[in-house]
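Before any comments, here is the structure.
Keep in mind that this is a model prediction, so the values were computed, not measured. FYI, side chains are in, hydrogens and waters are out, and symmetry mates aren't considered; it's all heavy atoms of this structure.
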2 protein chains.
Amino acid sequence: MQTETHVDVALIHFPVVNRNDERIGSAVTNLDLHDIARASKTYGVNSYWVVTPDAQQQELAAQIVGHWTHGYGSKVNADRGAALSLIKICSSLNDVLAGSAEHYGNPPLLVATSAVCRENTITYNTLRKKIDNDCGVVLLFGTAWGLAPEICQQVDYFLPPVGGKGTYNHLSVRSAASIVLDRLLGDREDNEKTST
Amino acid sequence: MQTETHVDVALIHFPVVNRNDERIGSAVTNLDLHDIARASKTYGVNSYWVVTPDAQQQELAAQIVGHWTHGYGSKVNADRGAALSLIKICSSLNDVLAGSAEHYGNPPLLVATSAVCRENTITYNTLRKKIDNDCGVVLLFGTAWGLAPEICQQVDYFLPPVGGKGTYNHLSVRSAASIVLDRLLGDREDNEKTST
């Protein structure tokens, strides 16, 4: 049985920035849906919000999700459907916050990850403790070159960039989301265990 | 500057098994190359071996890598080229072991991850200590439904499955590789730090 948390994940396609720091909307990527849904399901995330205001992009995302949750895909790989059923498609961060507040009964803490350092940061260990105490949390991830400034202004806290001891820091959003979920929700005893 | 480790990653496309436990070769997936190369570069991995005996699949992988390391891609996104330049394409696990032994001067420890529990397991913490002591390690990942038995028989140790406290355990190989690298090579101080 999956242990459910009070944690949501949201992947923002608009507004984000491109390599020139210009405000853009990005396209939905099939493997962002699959990989982040699979990681979310593995770590007990409650909802995975896919955020795009573009109607055609919403339709594309819904078709992919429907294939695995109700269509042919659901017959050949039920595990995939279990993961993709966490996906909720919506238009804006405000939709995420409203939906999450309704589900948890209180406005969630809005926490973003960032490949660069920010002022209002929170440590992984501190956030992990809040999650353990059933604090409602929405973990925000940006596509393209990252979240636009107006999204960053709404964020309560930023997590420091993940990585090794070097300076290269260009993980895919799929990898970053997986690592952040493991750091916040992974079974810490795993590191000492030889079997599960 | 990137801190280099004595750790290689290898992604096996043959021999692996399908959902019916039959021995197959899987196709090279573009985002497996990108995501695992980016995570490898981030965590200081020395080489990322892409293993397939199929000549056309090797050519496809080489074209993708070449685009980012020497072609047009290298001009628009040098960071991506830096990651994909870690990729070495080869035909078999024996090629990986020979290349790694030559580079490190000794046969490497062959460690696989597995979504199921195995007998000869090693804890993340124990392997992390070996890596800190400059032990040469090849981390093996399987595509499709996992490594074929003849590959498993060559493995020195298995790492326990990663995940949360629930029972769902169907991460993508891209997510699993990212999480394993973070557990073995991630900056542990990150969890207490508010900035880097």
Hey, is [atom1] on [X] packed in by over 12 heavy atoms from elsewhere, all under 6.0 Å?
{"X": "B:Y104", "atom1": "OH", "result": "yes"}
{"X": "B:H70", "atom1": "NE2", "result": "no"}
{"X": "B:E150", "atom1": "CD", "result": "yes"}

Part of residues 71-89 of chain A lying next to chain B, heavy-atom separation under 4.5 Å: A:V76, A:N77, A:D79, A:R80, A:A82, A:A83

Tell me whether [X] shares a hydrophobic cluster with [Y], the cluster being built from Ile, Leu, Val, Met, Phe, Trp, Tyr side chains joined at under 4.5 Å.
{"X": "B:F141", "Y": "B:Y124", "answer": "yes"}
{"X": "B:V51", "Y": "B:F14", "answer": "no"}
{"X": "B:V173", "Y": "B:W145", "answer": "no"}
{"X": "A:V17", "Y": "A:I12", "answer": "no"}

To check you understand the geometry: which heavy-atom pair defines the closest contact between A:G186 and B:R183, and what is its length? CA-NH2, 4.4 Å

Gap separating the CD1 atom of A:I179 from the OH atom of B:Y43, nearest 0.5 angstrom: 3.5 Å

Can you name the residues of residues 29-39 of chain B that have some heavy atom under 4.5 Å away from a heavy atom in chain A?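 The residues closer than 4.5 Å to chain A, in numerical order, are B:L31, B:D35, B:R38, B:A39.
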
Considering only heavy atoms from C-beta outward, does the side chain of A:H170 approach that of B:T42 to under 4.5 Å?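 Side-chain contact under 4.5 Å: no.
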
